[in-house]
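Below: one structure, written as C-alpha cells.
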4 protein chains.
Amino acid sequence: MNTDSFSAQQRHNRGSNRRAHMRETLLQSAKSMFAERGYHDTSIAEITTRADMGVGTFYLYFKDKEEIFETIIVEGIEHIKTLVQEEVASAPEHKFETFFRSILKFAYSDRELFRIALTGEGQKQIAVRAYGSVNDGIIELLNDAVERGYLGNEYPLELLAHFLTGMLNQTVIYWFMFDEPKSDAMADYFIAFLKNGVPSALFDV
Amino acid sequence: MNTDSFSAQQRHNRGSNRRAHMRETLLQSAKSMFAERGYHDTSIAEITTRADMGVGTFYLYFKDKEEIFETIIVEGIEHIKTLVQEEVASAPEHKFETFFRSILKFAYSDRELFRIALTGEGQKQIAVRAYGSVNDGIIELLNDAVERGYLGNEYPLELLAHFLTGMLNQTVIYWFMFDEPKSDAMADYFIAFLKNGVPSALFDV
Amino acid sequence: MNTDSFSAQQRHNRGSNRRAHMRETLLQSAKSMFAERGYHDTSIAEITTRADMGVGTFYLYFKDKEEIFETIIVEGIEHIKTLVQEEVASAPEHKFETFFRSILKFAYSDRELFRIALTGEGQKQIAVRAYGSVNDGIIELLNDAVERGYLGNEYPLELLAHFLTGMLNQTVIYWFMFDEPKSDAMADYFIAFLKNGVPSALFDV
Amino acid sequence: MNTDSFSAQQRHNRGSNRRAHMRETLLQSAKSMFAERGYHDTSIAEITTRADMGVGTFYLYFKDKEEIFETIIVEGIEHIKTLVQEEVASAPEHKFETFFRSILKFAYSDRELFRIALTGEGQKQIAVRAYGSVNDGIIELLNDAVERGYLGNEYPLELLAHFLTGMLNQTVIYWFMFDEPKSDAMADYFIAFLKNGVPSALFDV
DNA sequence: AATGAATGAGTGTTCATTCAT
DNA sequence: CATGAATGAACACTCATTCAT
C-alpha cells in the first residue's frame, strides 16, 4: 500500500466517519427535541440548531421529518432488542424472567425513546410498530414455552402478551413521573406480580 | 312573576338549551374527526363543517382546539367514571372485580374515546391525565382494601395500580386490532390473570 | 319583498361584489408583478402585498400560483378574443383586415398580458395555448376564405397561420422596446406587408 | 526552449484542451437538460451529474446558472450566424434569399437551441437578445439593399426586420409541434410568402 | 348569537453557491 | 484542479384565530 492510496483510504474513512457522526448527531438532537416537545412541536430548524448545523444539512441525511422520527424509533427498538436477546441468550435457564428484567433495565435507561414512541404520533403506525415489536418478543417466548410443554392454553397467547406489554408500557409511563423504584427493584415487583397476580383477598372486596 | 319575566325565563331556557345543544354537536363532531384522523390532522374548519356550523361559531364554545380536545377526554372519562361507580356501588360484595368488568365494558363501548386519548399526541399530557383518572380509581379501591385489611403491603399501591392500568390500556389497544373477545369474555381472562398471574412453570423457561 | 330579505339580498350582493373585487385586485396585482419580474421571480407575498392583502387571502381565491398565472392568460386572451370578434362582426366586408387591425389594437393596449405569456413560462403549455388561440382565430378566418373561394391552396393553411401569428407576436415584442408606431400606423404597415410581401427587388440582392 | 518550458507548454496545452473540453461537456449537458426540462426545473446538480462531474466543478467554468444559460444561447446563435454568413457569402447574387434558406436550415438542425431560448423564461432578456441577433442580421441585409438602391422606404427597416424575425421565430415553434415540412420545403413556402404576401382576394373577405 | 372572509405567523423543503480537503 | 458536503436564504402553502357584519 503506497502513501497515496493510504491517504485516500484514510480520507475516505474520515469522510465515512464524519458522515456517520453527522447522522448520529442529528438523531440525538431530534431524539431529545421530540422527547421534550413532541413530534409536531419540533421544527427541523430546531433540530439542526441543536445539532449545530444548517437546515439544509438535515436533508442530506434524512428524506424528511417523518423519516428521522421513524429511524429513531426503529433503530432504538432494534438496539434494545439486540441487548435483550443477548441477555436472554446468556441465561438459558431463565429466559422468561430474564426477558422482563432485561427489557425493564434497558427501557429505564432509554426512557426518552419510549416517551417519543408514546407521545410522538408521527405516522400513527410507528408507535404501534414499536409496541408490536415488544409484543412479538413476548409471543415468541410464550410460543417456545408452549412447544416445550411449560404452558397450556390458559389464555389466548396474543391476549396474555398484550397484558404483559401493557404492564411494561405503563411501567415506563410510571417512570415519566417517578424515578423510583429503579429498574431492578421494579423488576422484582413486576415478576412478583406475574407469579402471583393480585392477592386473592381482593376478590372478596 | 309577570309575563315579561316569564317569557324572558323561557327565552333564557331556550337559549340555554340551544347553547348546550350546539356545544354537544361540536363535541361529537370533534370526537369523530379526532378518532378518524388524529388531533393534528383535524382542522377546526373540518369540525365545524361536520357540525354544520360556521368556523367562527367554534370559538363561542371553546377557547381553542386544545380545549375541545381536553374536554372530550375529561368529560368522556368523567362519564365512564360515573357509570363504573354506579355499577360498583350496586355490587358492594365484589367491588374489585366489578370495577374491572365494568371499566372493560364501558371502554369497549367507547373505544373511540380511548383511541383519541392514545393517538392525540399526549397534547400537554392530557392522555396521561386520562389514564391518571383510571389509575386514581384503582388506587382508591386498593386503599379501601388496605383499610379494611384485605390487602397488605405486598406492592406499593401506586405501582400495582399502574400494572393494572397498563393492562386495561393495552386491552383497548388490542381492541383497535381485533374485535374479539368482546368485553365479557375479555373480562374473564383479565380477572383470571389478576387472580393467578402467569403459570409458574414459565419461570422454569 | 320585505326589508329583511331585501337587506339579506343586499348583503349577499355586497359580499358577492366584494369577492369579485378581491379577485380582480389579486389578478391585477399578479399581472403587473409577472409583467415586471416574470413568473418565477414573483412571490405570492409580493402579489398580496401589492394587492394590500394578507398572504393567506390569496389562497381563498386561487388554488396556487400556477392557477392565477393560467387565469391571467386565459381570461386575458378570452377577453381580447371577444373584443376582436365584436369588431370583426361589425365589419363583415373586411373581416380579414379588421381581424389584424383589431388584434393589433387590443394587443397594444394590453401589452402587459403578452409580455407575461411570452416570458412567463409557468407550466410551459400555457403560453403555447395563448398563441394557439390567436393561431386558431387566423385559421378559422382562412378556412372561411377557402370555403367561400377566396383562397386556394397556395400554402398549407396551418403554415400561413403560423407566419401571421409570428408577425403579430414579434410586433408585440417590438412594442416592448419601442412605443412607436402605435397600433394604427403599425396596422397599416402590417397590412401593407401582407398585401405585397417584400419588394421583389430584394431577391436580386 | 528548454525541456522544462517545453513540458510546461505541453502541460499547459493539455490543461488548456482539458479545460476547453470540460467547458464544452458542461455546455452540452446543460443544453440538453434545459431543452428537456426548462431553465427553472433544471438544477446545477443535474447538469453536473449528466456531465459526470462534481457540483463544485461547475463554478470553475461558469459564474452561475445564468451565465451558462446565456453562453448556450449566445454561442449557439454566434455559431449559426457564422454558418449562415458563410453560405450567404458563397451566393453573392442571392444573398437575401440565401439568408433565409440558410437560417431555416440551421434552425431546423438546432431546434433544441431555439426551444431553450423560447422556454428559458427570457432570463434577463436573453431570448430577446438572441432574436436581436437574428434581427440585426436581417437589418444589415436590408441596409445593404437600401444602399445599393434595391429597397426604398416602403417600411421602416426595423419594423420589416421584426416581421421577418417573427416569421422565422414562429416557424421554429411550428417545428416544435410538427416535423414537416422540413427546412427546404419550408423555405420555399417562406420565400413565396415574402415575395407575394397573402392572396389579395383575402382582403375582400 | 352566528358567520366566514381575512389574516399572517409558522414550517417543511429546495437548491444555488461556497469552501475545506 | 476537482470535489461534494454544508449552508441558509427563499418560498409556497396551511390553518388556528379574529372580527366586522
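What you see below is based on every heavy atom in this structure, not just the backbone, and it leaves out hydrogens, waters and symmetry mates.
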With sequence neighbours left out, write down each residue that passes side chain to side chain contact (heavy atoms under 4.5 Å, CB included) with [X], or none if nothing qualifies.
{"X": "C:Ala51", "result": "C:Thr25, C:Leu26, C:Ser29, C:Met53"}
{"X": "A:Glu78", "result": "A:Lys81"}
{"X": "A:Gln28", "result": "A:Glu24, A:Lys31"}

Item to complete: Could I get the full list of salt bridge (Lys or Arg N to Asp or Glu O under 4.0 Å) partners for C:Glu46, not counting sequence neighbours?
Response: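 With sequence neighbours excluded, C:Glu46 shows a salt bridge (Lys or Arg N to Asp or Glu O under 4.0 Å) to C:Arg37, given in chain and number order.
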Discussion item. Restricting to salt bridge (Lys or Arg N to Asp or Glu O under 4.0 Å), what partner residues turn up for D:Glu75, sequence neighbours left out?
Written reply: D:Arg23
So which heavy atom on [X] is nearest to which on [Y], and how close?
{"X": "D:Gly54", "Y": "D:Thr48", "answer": "O-CG2, 3.6 Å"}
{"X": "C:Ala35", "Y": "C:Ile116", "answer": "N-CG1, 3.7 Å"}
{"X": "C:Leu113", "Y": "C:Ile77", "answer": "CD2-N, 4.0 Å"}

Practice prompt. State, without any angle test, whether A:Tyr59 and A:Glu67 hold a side-chain donor-acceptor pair at a distance under 3.5 Å.
Written response: no
Measure [atom1]/[X] against [atom2]/[N] and give the value in whole Å, please.
{"X": "C:Asp64", "N": "F:dT14", "atom1": "CG", "atom2": "C1'", "result": "13 Å"}
{"X": "C:Ile68", "N": "F:dA12", "atom1": "CD1", "atom2": "P", "result": "12 Å"}
{"X": "A:Asn17", "N": "F:dA5", "atom1": "CG", "atom2": "C1'", "result": "15 Å"}
{"X": "D:Phe69", "N": "E:dA16", "atom1": "CZ", "atom2": "P", "result": "14 Å"}
{"X": "C:Ile47", "N": "F:dA12", "atom1": "CD1", "atom2": "P", "result": "8 Å"}
{"X": "C:Tyr59", "N": "E:dG8", "atom1": "OH", "atom2": "P", "result": "15 Å"}
{"X": "A:Glu67", "N": "E:dG12", "atom1": "CD", "atom2": "P", "result": "15 Å"}
{"X": "D:Asp52", "N": "F:dT3", "atom1": "CG", "atom2": "C1'", "result": "12 Å"}

Ignoring backbone atoms, test whether [X] places a side-chain nitrogen or oxygen under 4.0 Å from the OP1 or OP2 oxygen of [N].
{"X": "D:Tyr61", "N": "F:dA2", "result": "yes"}
{"X": "D:Arg19", "N": "F:dC1", "result": "yes"}
{"X": "C:Arg18", "N": "F:dT21", "result": "no"}

Discussion item. Suppose we screen for ring-ring contact (aromatic ring centres under 6.0 Å, His included). Which residues come up paired with C:Phe58, at least two apart in sequence or across chains?
Written reply: C:Phe62
Fill in: Whichever of A:Leu60 and B:Phe58 has its nearest DNA chain F nucleotide further upstream toward 5'
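The residue closer to the strand's 5' end, by nearest nucleotide, is A:Leu60.
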Distances for protein N or O near nucleotides 8-11 of chain F N or O, under 3.5 Å:
residue	atom	partner	partner atom	Å
F:dG8	N7	A:Gly56	N	2.9

Worksheet item: Got a sec, which pairs hit salt bridge (charged side-chain N to carboxylate O under 4.0 Å, His left out) with one end in residues 47-63 of chain B, sequence neighbours left out?
Response: B:Glu36-B:Arg50
Item to complete: Pull out every stem in DNA chain F, meaning runs of 3 or more consecutive Watson-Crick or G-U wobble pairs with both distances under 3.5 Å.
Response: E:2-21 with F:2-21
Worksheet item: Who pairs with C:Glu112 by side-chain hydrogen bond (donor to acceptor under 3.5 Å, both in side chains), at least two apart in sequence or on another chain?
Response: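 Partners of C:Glu112 by the side-chain hydrogen bond (donor to acceptor under 3.5 Å, both in side chains) criterion come out as none, since no residue qualifies.
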Worksheet item: Taking DNA chain E as the partner, which of residues 22-36 of chain A come within under 4.0 angstrom of it by heavy atom?
Response: none
